[in-house]
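Below, chain A is the first sequence line, B the second, and so on; all start at residue 1.
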Amino acid sequence: MEKFEGVTGPAAPLLRANIDTDLIIRIERLVGTGRSGLGGFAFEQLRKLPDGSDNPDFVLNKPAYRDSPILLAGPNFGCGSSREGAVWALMGAGIRCVIAPSFGDIFFANCFQNGLLPIALPEEEVRRIAEETEGSQGAGRTTIDLKRQVVTTPEGRELPFAIDTRRRDALLQGLDDIALTMTRQGDIAAWQARDRAARAWAWDSVQ
Amino acid sequence: MARTLFDKIWDPHVVADLGGGWSLLHIDRVLLHDLSGARALNEIKEAGYPLAHPELVFATPDHAVSSAPGRTSETFAGGARLVAGLRQRAAETGVRLFDLGEDGQGIVHVMGPELGVVLPGTTLVCGDSHTCTNGGMGAYAFGIGASELKHVLATQCLPQRKPKRLRIRYEGTLPQGVSPKDMILHAIGRFGAAAGTGHAVEYAGAAVRALSVEGRLTLCNLSIEMGARAGMVAADDTTFEWLAGRRFAPKGAAWDAALAHWRGLPTDAGASFDRDLLIDAADIAPQITWGTSPEHVLPVGGVIPDPSDAPDAARRAAWTAALDYMDLRPGAPIAGTKVDWVFIGSCTNSRIEDLRAAAGILRGRHVAPHVTAWVVPGSERVKRDAEAEGLDALFRASGFEWREPGCALCVAANGEAVPPGARCVSTSNRNFVGRQGPGARTHLASPAMAAAAAVTGAITDVRRMEAA
Ligand code: SF4
């Protein structure tokens, strides 16, 4: 996983409730394309007009936000499909942090497997960051500091955010989850031996 | 201490306490499909990990295969490579694969319960958000992403935080013409698309106990559309009767031992939940969605809402965009909206009972001339059972296309799509922007409501048709 310590840049506001992972990346792109190369397809149904040209009204098409590393979103961002391609597409489009009032559970877990930081802040705060950014025509920078667990808004306000310790440490160090679980192989074997005795039916029925 | 069904499954599956609220959870069964499964098997090979327990893993192609009559894995060229990869890697690793045309093939969440792979009291994952469907068997089943899937394949375990407990009780009796699909859409409309986030949901109450296994699977299927990774219904005699004799269900003395275990799993009287919600089943009407989130749902007699009535700014923005995408006008009744397509299928509503419910409306009637109507059975087994009952002939005679099992129009990942701008009543679970194809407009409903829309060519209250 890619390490993540922090990021600074304009925060692009996309303040709509329930943005689902189908909208972030269309399934057809995942049938045909590998992990890389998805960035150009992120939000394509919002980013493009039906004739294939860029939609000038879509936030990530506006000059001030083209290179935003931070996305501001509405509640329940990333709901829907479990496709991890949604995270790969966002990262491919240069996004390293999403700030929203709440997230879909599977998307949230997928972020931490890849080095994208989802931050939950109250809706009011997300809106204020958007206003501060837009008030400066996109020139205002938002800074994320994961070690201190602080978001610094364009006007310099410091907003602390909560994050699970295990997940924060994994991001800071770029840890490989599977390797960690592999160190527990003794525990797993012991559990399975006990379970095979207690619930033989759960094992034998698929032999 | 009184414990819930969820606690009774979760707690004994904890292999190790990882600290900080994290547990290493044992996973008893893994389902793979052609999209996420083929990729995961390739990636784990590249990473150099062998499969921890291939005998606990079951695979089938469903997403990226054509549903056209007479299809092969090559019919949709875009998915051919995925199916080929799944076959090759399953053969190399010893994972059981149920291939096209074989008994057992089907939509992964239809196939798992039907083969007896999903058992009460077990834990199950799949790289698919609708894995929650399988909770209808009384299992703890949840969807995961690609990285977590690799993790389970390599270790048979997954580090997890225990979700909170949410119970939704449906008391009373469902009115005529109202289905399990309406029960869950009603709850999503009332509590919202994020009401279950961070929770494992148990559906309980008299109206749930009265449901068939198929109905419980439908109910649990939309848990993720309420934000919950997992939904479940306690297994009971209905479940046991349905499960007995299925291919991978325990047999003989093992069945008796399993049954003794399963009978101890239901939530104890007095067990507490973090949240407990109550619905009177008698209040539920047939539901239809109007927008682009499953929470954008109405009773079929309702009117399309006005964004100025939205509860907050983020929802106002979403409602406005949804009405624009769906080409609908606030204040107009939803019933009577003209439809172009009808799709009966998906892991929500493609089981034999769903097909029977739709057929009940179609008998002696015909699809409106301007409507294209498809029925896609959820699995090879459902297809064969339906054909044995003559349902295929009935669907064909009424003007439906009878197709091959798979995800088909639910997801448009297989070369099949509702055309841009066309309006489709669908028995699937997602009305997201572009879900059924770029520009496609989706209205979610029950199989009977979908059949009624096909016949009348418009969104119609199925209860009126039954009375006719
Ligand atoms: S039918 Fe639809 S929701 Fe179900 S598994 Fe297939 S694509 Fe997913």
**Which portion of B:Ala146 sits near chain A, non-hydrogen atoms under 4.5 angstrom** = both
**Message:** To check you understand the geometry: which heavy-atom pair defines the closest contact between A:Ala202 and B:Arg29, and what is its length?
**Reply:** O-NH2, 2.7 Å
**Message:** Other residues, nucleotides and ligands only: do more than 12 of their heavy atoms fall within 6.0 Å of NZ on B:Lys251?
**Reply:** yes
**Asked** Does A:Gly80 offer a backbone N or O that forms a donor-acceptor pair with the side chain of B:Arg430 under 3.5 Å?
**Response** yes
**Asked** Relative to chain A, which segment of B:His261 carries a heavy atom at a distance below 4.5 Å: side chain, backbone, both, or neither?
**Response** side chain
**Item:** Heavy-atom pair of closest approach, residues B:Ser129 and A:Ser82
**Value:** N-OG, 3.4 Å
**Asked** Which distance, rounded to the nearest 0.5 Å, do you find between the OG of A:Ser81 and the NE2 of B:His130?
**Response** 8.5 Å
**Request:** Against chain B, label A:Leu15 side chain, backbone, both or neither, depending on which of its atoms sit under 4.5 Å from a heavy atom there.
**Result:** backbone
**Asked** Could B:Arg435 and A:Asp20 be called an ion pair, given the rule that one side-chain N must be under 4.0 Å from one carboxylate O?
**Response** no
**Item:** A:Glu84 CD to B:Ser36 OG distance, which is reported to the nearest 0.5 Å
**Value:** 10.5 Å
**Asked** Relative to chain B, which segment of A:Arg127 carries a heavy atom at a distance below 4.5 Å: side chain, backbone, both, or neither?
**Response** side chain
**Prompt:** At their closest point, which heavy atom of B:Ala16 faces which heavy atom of A:Arg184, and how far apart are they?
**Reply:** CB-NH1, 3.8 Å
**Complete:** Closest non-hydrogen contact found for B:Gly434 with A:Gln45 is CA-OE1, 3.2 Å
**Under 4.5 Å from a heavy atom of chain B, the part of A:Asp176 involved** = side chain
**Exercise: do B:His53 and A:Gln192 side chains pair donor with acceptor under 3.5 Å** = yes
**Message:** Does any backbone or side-chain atom of A:Thr165 lie under 4.5 Å from a heavy atom of chain B? Answer side chain, backbone, both or neither.
**Reply:** neither
**Message:** If we ignore hydrogens and angles and just use 3.5 Å, is the side chain of B:Arg96 paired with the main-chain N or O of A:Val206 as donor and acceptor?
**Reply:** yes
**Request:** Evaluate side chain to side chain contact (heavy atoms under 4.5 Å, CB included) for B:Leu18 paired with A:Leu180, printing each intermediate quantity in order.
**Result:** CA-CA 10 Å; B:Leu18 302 178; A:Leu180 276 180; over 6 Å; no
**Which portion of A:Phe103 sits near chain B, non-hydrogen atoms under 4.5 angstrom** = backbone
**Prompt:** Do A:Asp164 and B:Trp22 meet the criterion of a side-chain donor-acceptor pair at a distance under 3.5 Å?
**Reply:** yes
**Prompt:** Roughly how far apart are B:Arg315 CZ and A:Asn76 CG, rounded to 0.5 Å?
**Reply:** 8.5 Å
**Request:** Please confirm whether the backbone N or O of B:Ser147 pairs with a side-chain atom of A:Gln113, one donor and one acceptor, at under 3.5 Å?
**Result:** no
**Test item: B:Val433 and A:Asp22 side chains (from C-beta on) under 4.5 Å apart, heavy atoms** = no
**Message:** Apply side chain to side chain contact (heavy atoms under 4.5 Å, CB included) to residues A:Ser102 and B:Thr197 and explain how you reach the verdict.
**Reply:** CA-CA 9 Å; A:Ser102 59; B:Thr197 304; 5.8 Å; no
**Request:** Answer whether the closest heavy-atom distance between the side chains of B:Asn414 and A:Val31 falls below 4.5 Å.
**Result:** no
**Message:** Taking side chain as everything from C-beta outward and backbone as N, CA, C, O, which of these in A:Gln185 sits under 4.5 Å from a heavy atom of chain B? Side chain, backbone, both or neither.
**Reply:** neither
**Part of A:Asn18 lying under 4.5 Å from any heavy atom of chain B** = side chain
**Message:** Quick check on A:Asp187 against chain B: is it the side chain, the backbone, both or neither that has a heavy atom closer than 4.5 Å?
**Reply:** both
**Message:** Run A:Ile178 and B:Tyr49 through side chain to side chain contact (heavy atoms under 4.5 Å, CB included) and show every step you take.
**Reply:** CA-CA 10 Å; A:Ile178 298 182; B:Tyr49 293 119; 3.5 Å; yes
**Max heavy-atom pair count under 4.5 Å with chain B, selected residue of A:Asn110, A:Val87, A:Asp105** = A:Asp105
**Message:** Under 4.5 Å from any heavy atom of chain B, what part of A:Trp201 do you find: side chain, backbone, both or neither?
**Reply:** both
**Asked** Taking atom CD of B:Glu55 and atom CH2 of A:Trp203, what is their separation to the nearest 0.5 Å?
**Response** 6.5 Å
**Fill in**
Rounded to the nearest 0.5 angstrom, the CD1-CD distance for A:Ile106 and B:Glu148 is 8.5 Å
